[in-house]
Colleague: 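Sharing a structure, written as C-alpha cells. Questions coming.
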Amino acid sequence: MKRLFGFLLIALSTTSFAQDEFKLNYNDDKKVEYQGVVENEGVSQSDLFKKAIAWIENTKRSQTIDFKDEEVGKVIAKSQFSTIGKSNYYSNKEYHYNFECDVVLEFKDGKTRYTLENFKKKSSPGEPGSTLEYFIDNYKPEISSEKNRAKYAKMLDEIELAIQDQVWDLIDDIKKTFGPVKKDDW
C-alpha cells in the first residue's frame with residue numbers, strides 16, 4: 001500500500017510540473033524557423049523576383065521590404081502579425097502580443113525557396129524586441145501554486161498555436177503566389 005501511495009504521489013507531482021505541450025518548428029540551432037520550396041517550371045528567376053516585390057507591396061498583411069537584390073535573386077521582407085493572450089488565468093484581461101519575422105525569398109529559374117526566421121516579440125514599433133524563443137522560455141506569469149502551472153502552460157500553448165496559424169497562413173499565401181500557374185483548359 002505504501003508503494004502504491006508513493007507511486008501515485010510521484011505520478012501526480014510530475015504532472016503538476018507540466019510545461020507547454022505545443023512546440024513551434026525549431027531548427028538545429030533551437031530557433032523557430034520554417035522553410036520550403038515552391039516549384040514553378042518555366043518561370044524565370046527575374047519574373048519570380050518581380051512577383052515577390054509585387055506580392056510584398058500589395059498584400060493585406062503588414063510587410064516591408066528589408067533587402068532586395070535581383071542579381072542574387074533574393075528578397076528579405078519583415079512580416080508582422082499579432083496574437084491575443086491572457087495575462088492571468090483568472091481574469092478576462094487580454095494582452096496583444098505583436099510578433100515579427102523575416103521572410104527570406106530566394107529564387108532560381110522555376111523555384112522559390114522561402115525561409116521564415118528571426119521571429120521577434122515587439123512591445124512597440126521601432127524597438128528591437130526580444131526573440132520569440134526568449135519570450136517562450138521566459139513566459140512565467142505569477143504562479144500562486146503548482147496546481148496552476150498546467151493552466152499557465154495551456155495559456156502559452158494558445159499563444160503558440162495562434163502564431164502557428166498565422167505562419168501557416170503566410171506560407172499558404174507564399175505557395176499561392178509562387179506556386180504553379182493553373183492553365184484554363186475550358
Colleague: In Å, rounded to the nearest 0.5 Å, how long is the span from NZ of Lys122 to CD of Glu100?
Modeller: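 Rounded to the nearest 0.5 Å, the NZ-CD separation comes out at 4.5 Å.
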Colleague: Checking Glu106 now: which residues fulfil salt bridge (charged side-chain N to carboxylate O under 4.0 Å, His left out) with it, not counting sequence neighbours?
Modeller: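 With sequence neighbours excluded, Glu106 shows a salt bridge (charged side-chain N to carboxylate O under 4.0 Å, His left out) to Arg113, given in chain and number order.
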Colleague: Taking the side chain as every heavy atom from C-beta outward, state whether Thr177 and Lys51 have any atom pair closer than 4.5 Å.
Modeller: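 They are in side-chain contact.
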Colleague: One pair to check against side-chain contact (heavy atoms from CB on, under 4.5 Å): Glu57 and Ile65. What are the steps and the verdict?
Modeller: CA-CA 8 Å; Glu57 292 175 347; Ile65 296 173; 3.9 Å; yes
Colleague: Say whether Val103 and Val37 are linked into one hydrophobic cluster, either directly or through other cluster members, by side-chain heavy-atom distances under 4.5 angstrom.
Modeller: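 No.
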Colleague: Any side-chain heavy atom of Gln166 sitting closer than 4.5 Å to one from Thr83?
Modeller: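 Yes - at least one pair of side-chain heavy atoms lies under 4.5 Å apart.
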Colleague: Can any side-chain N or O of Asn27 pair as donor or acceptor with the backbone N or O of Lys30 at less than 3.5 Å?
Modeller: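 Indeed, once roles are kept as given, a pair shorter than 3.5 Å links the two residues.
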Colleague: Measure the NZ-CD distance between Lys175 and Glu39 for me, rounded to the nearest 0.5 Å.
Modeller: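 Result: 12.0 Å between the selected atoms.
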Colleague: Should the heavy atoms of other residues, nucleotides or ligands under 6.0 Å from NZ of Lys78 be counted, would the total exceed 12?
Modeller: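 Yes.
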Colleague: Report the residues that fulfil ring pair (Phe, Tyr, Trp, His ring centres under 6.0 Å) with Phe81, sequence neighbours left out, ordered by chain and then residue number.
Modeller: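 Result, ring pair (Phe, Tyr, Trp, His ring centres under 6.0 Å) vs Phe81: none returned.
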Colleague: When Lys68 is tested against each of Ile56, Leu105, Ile53 for side chain to side chain contact (heavy atoms under 4.5 Å, CB included), which residue passes?
Modeller: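 Single pass found, and it is Ile53.
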Colleague: Heavy atoms only: give me the nearest Asn40-Gly179 pair and the separation to one decimal.
Modeller: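 So the minimum-distance heavy-atom pair works out to ND2-O, 2.8 Å.
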Colleague: Which ILVMFWY residues are connected to Val104, directly or by a chain of links, through side-chain heavy atoms under 4.5 Å apart?
Modeller: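 Listed partners: Phe67, Ile76.
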Colleague: Any side-chain heavy atom of Ser79 sitting closer than 4.5 Å to one from Leu170?
Modeller: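 Counting from C-beta outward, Ser79 and Leu170 do come under 4.5 Å.
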Colleague: Is there a donor-acceptor contact under 3.5 Å from the side chain of Asp69 to the main chain of Lys74?
Modeller: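 No.
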Colleague: Linking I/L/V/M/F/W/Y whenever any side-chain heavy atoms sit under 4.5 Å apart, do Tyr134 and Ile159 land together?
Modeller: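 Unlinked, Tyr134 and Ile159 end up in two clusters.
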Colleague: For the atom pair NZ (Lys31) and OG1 (Thr131), what is the distance rounded to the nearest 0.5 Å?
Modeller: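 If we round to the nearest 0.5 Å, Lys31:NZ and Thr131:OG1 are 5.5 Å apart.
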Colleague: Walk me through whether Ile174 and Trp55 qualify under side-chain contact (heavy atoms from CB on, under 4.5 Å).
Modeller: CA-CA 9 Å; Ile174 289 170; Trp55 172 71; 3.6 Å; yes
Colleague: Using the test side chain to side chain contact (heavy atoms under 4.5 Å, CB included), find all partners of Gln164 that sit at least two apart in sequence or belong to another chain.
Modeller: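 By the side chain to side chain contact (heavy atoms under 4.5 Å, CB included) rule, Gln164 matches Phe22, Leu24, Tyr34, Trp168.
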Colleague: Please give the remaining members of the hydrophobic cluster of Val72, linking ILVMFWY side chains under 4.5 Å, ordered by chain and number.
Modeller: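 Members alongside Val72: none; it stands by itself.
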Colleague: Please list, chain by chain and in numerical order, all residues satisfying side chain to side chain donor-acceptor pair (under 3.5 Å) with Ser46, sequence neighbours excluded.
Modeller: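 Scan of Ser46 (side chain to side chain donor-acceptor pair (under 3.5 Å), adjacent residues dropped) gives Glu70.
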Colleague: Got a second to check how far Glu133's CD is from Ile136's CD1, nearest 0.5 Å?
Modeller: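 The CD1 atom of Ile136 is 7.0 Å from CD of Glu133, to the nearest 0.5 Å.
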Colleague: Got Glu33 and Phe119 here, is their nearest side-chain heavy-atom distance under 4.5 Å?
Modeller: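 A side-chain contact is absent here, since even the closest heavy-atom pair is not under 4.5 Å.
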Colleague: Do Val75 and Asp66 have side-chain heavy atoms sitting under 4.5 Å apart?
Modeller: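 Result no, sub-4.5 Å side-chain heavy-atom pair not found.
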Colleague: Is a donor on one side and an acceptor on the other found under 3.5 Å between the side chain of Asp173 and the backbone of Asp169?
Modeller: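 No, Asp173 side chain to Asp169 backbone: no donor-acceptor pair under 3.5 Å.
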Colleague: Supply the atom-to-atom distance Phe178 CZ to Lys111 NZ, rounded to the nearest 0.5 angstrom.
Modeller: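 It is 16.0 Å, given to the nearest 0.5 Å.
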Colleague: For the CG atom of Asp102 and the CG atom of Leu116, what is their distance to the nearest 0.5 Å?
Modeller: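 Between Asp102 CG and Leu116 CG, I get 9.0 Å after rounding to 0.5 Å.
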Colleague: Indicate, with yes or no, if the rings of Phe99 and Phe135 have centres closer together than 6.0 Å.
Modeller: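 Yes, the ring of Phe99 comes within the 6.0 Å limit of the ring of Phe135, centre to centre.
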Colleague: Below 4.5 Å, heavy atoms only, C-beta onward: do Asp157 and Glu160 meet side chain to side chain?
Modeller: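 They are in contact (side-chain heavy atoms under 4.5 Å apart), so the answer is yes.
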